[in-house]
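Let me begin by presenting the structure, written as structure tokens, before commenting on it.
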Amino acid sequence: MPKERLYLFDTTLRDGAQTNGDDFTLADKLAIAGMLDELGVDYVEGGYPGANPADTELFGKDRKFDTTFTAFGMTRRPGRSTSNDPGIAALLDAKADAICFVAKTWDYHVKVALETTNEENLASIRDSVKAAKAKGREVLLDCEHFFDGYKANPKYALACAKAAYDEGARWVVLCDTNGGTLPDEVEKIVGEVVKTIPGDHVGIHAHNDTDQAVANSFAAVRAGARQIQGTLNGLGERCGNANLVSIIPTLKLKPEFARQFDIGVTDAALKKLAHVSHALDERLNRASNRHAPYVGESAFATKAGIHASAIMKDPATYEHVAPETIGNRRKVLVSEQAGKSNVLAELERIGIKADKDDPRIGRLLEIVKEREAIGYAYEAADASFELLARRTLGKVPDYFDVTQFDVNVEQRNNAKGDRVTVTMAVVKVKVGNDNMISAAEGNGPVNALDLALRKDLGKYQKYISGLKLTDYRVRILNAGTEAVTRVLIESEDEAGERWTTVGVSPNIIDASFQALMDSIIFKLVKSNAPA
Ligand SMILES: [Zn+2]
């Protein structure tokens with residue numbers, strides 16, 4: 001049986017841009033639109049031309065995308081003609097393939113928010129669709145508060161959707177704007193709608209206020225809708241929108257959907273999904289959710305020793321899909337519960353050959369257990385684990401030696417009489433027979449130490465010039481007088497590869513120093529720097 005086409009509509013750059021604190025620049029928007037285009041998403045909603053300078057500029061030029069690049073805006077205002085409405089003018093001027101209008105479909109909102117009549121709202125929908133069609137654009141109508149509106153007045157909500165469809169809108173999108181509708185209600189209401197408007201013209205736009213936006217999207221598809229709107233990583237105001245990063249692999253990999261539907265995302269593009277998800281977080285300058293389904297660092301991580309040995313025999317025993325299909329990877333955690341099989345699996349993954357009867361494997365396990373007992377967290381710090389393993393198995397060169405460091409934090413009045421805090425670090429390093437000394441100022445002691453340490457490593461400098469710190473996390477363990485500090489540092493190199501290192505000490509500077517050192521040495525090992 002031929003498969004039906006299901007369409008994906010991304011609104012990361014419009015609805016997702018309403019997340020608190022997430023502002024996209026024009027460069028961000030172009031980069032993200034490019035990633036979505038490459039991924040094979042059918043529609044990319046770029047923003048709201050006329051609403052802010054970045055969006056106006058975004059739609060000021062033709063953008064060369066395969067995706068249907070879409071502008072968002074409101075239907076004409078009540079009591080105005082489309083030719084006399086600056087919002088409509090901005091939309092029609094936008095260089096976009098499609099226009100997505102948003103309209104009220106809940107009679108209560110028409111009366112209270114729009115302060116107009118039901119009939120005028122219907123006329124506004126018809127006129128707006130007509131104006132955009134006349135300009136040769138593909139048209140979509142986002143039916144705001146559709147589900148609440150349908151529950152209050154099904155006839156009117158449906159009349160709004162039907163008005164757009166009859167006027168030639170390609171898609172009528174049913175929006176759960178408050179995000180409070182449950183999957184069974186969505187399935188039932190969409191089932192009613194598709195009796196009037198064909199399902200291949202009906203879309204779903206779900207918000208995540210009950211943590212069921214993804215489930216609501218699938219419920220709509222089961223009832224006949226054929227377009228899903230969502231955002232990357234579920235970005236969006238309040239609790240976010242339906243997460244396309246969870247929806248896409250489910251559609252591709254779960255037989256219930258894969259047997260029935262084709263989507264624009266190819267198998268090859270699916271392999272980039274984890275990267276796309278992480279790249280978005282990178283743009284937003286925030287740490288990725290390690291427990292995110294499919295793409296999170298922990299999505300295919302296994303902890304207990306007995307599971308690890310089964311996974312090595314056959315990964316399908318503990319995994320619902322193969323991690324490589326979405327560009328993720330299997331991870332066997334080394335932790336206090338670790339058995340020998342965990343350690344062996346992890347060594348195999350990082351490419352260290354080891355014999356299971358080698359007594360050093362038992363020794364490594366002992367060291368991991370001892371260190372985790374005092375606060376080290378190797379399952380979060382893969383690079384520190386790799387170094388520990390290589391050292392225990394005798395495979396890390398002594399590249400350099402930090403013979404001394406000094407960090408000074410001073411608070412004083414500057415020449416203008418303002419109170420300032422100045423931090424300075426001095427590091428003495430021995431590389432071979434060369435003794436070097438570097439000093440740096442930073443915005444805090446760890447930053448100053450990091451800058452001084454990486455300023456001059458002599459012959460190794462070229463290997464670490466692309467290294468940067470992307471995340472720094474501090475946790476105080478065993479609160480009270482015996483408190484120790486655990487520092488986790490995430491680093492990235494010029495190729496975009498990331499790793500995490502750990503340091504533990506009663507002193508935060510010392511803990512940070514350990515993690516910084518591990519990060520630099522890990523980079524040298526990874527680069528095959530000569531001893
Ligand atoms: Zn929305």
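All residue numbers in this chain count up from 1 along the given sequence. Atoms within each ligand, like the ligands themselves, are counted from 1 in listed order.
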Whether the Asp127 and Thr82 side chains hold a donor-acceptor pair (N or O, under 3.5 Å, no angle test) is what I'd like checked.
no
Quick check on the Zn ion (ligand 1): does Asp142 put an N/O/S atom closer than 2.8 Å to it?
no
Please name the atom of Asp15, restricted to N, O or S, that is closest to the Zn ion (ligand 1).
OD2
Evaluate the ring planes of Trp106 and Tyr108, with Trp represented by its six-membered ring, and classify them as parallel (under 30°), tilted (30 to 60°) or perpendicular (over 60°).
tilted
Between Asp15 and His205, is any side-chain donor less than 3.5 angstrom from a side-chain acceptor?
yes
Quick check: does Cys175 put an N/O/S atom under 2.8 Å from the Zn ion (ligand 1)?
no
Identify the residue among Thr105, Thr181, Leu141, Val193 that makes a side-chain contact (heavy atoms from CB on, under 4.5 Å) with Leu174.
Val193
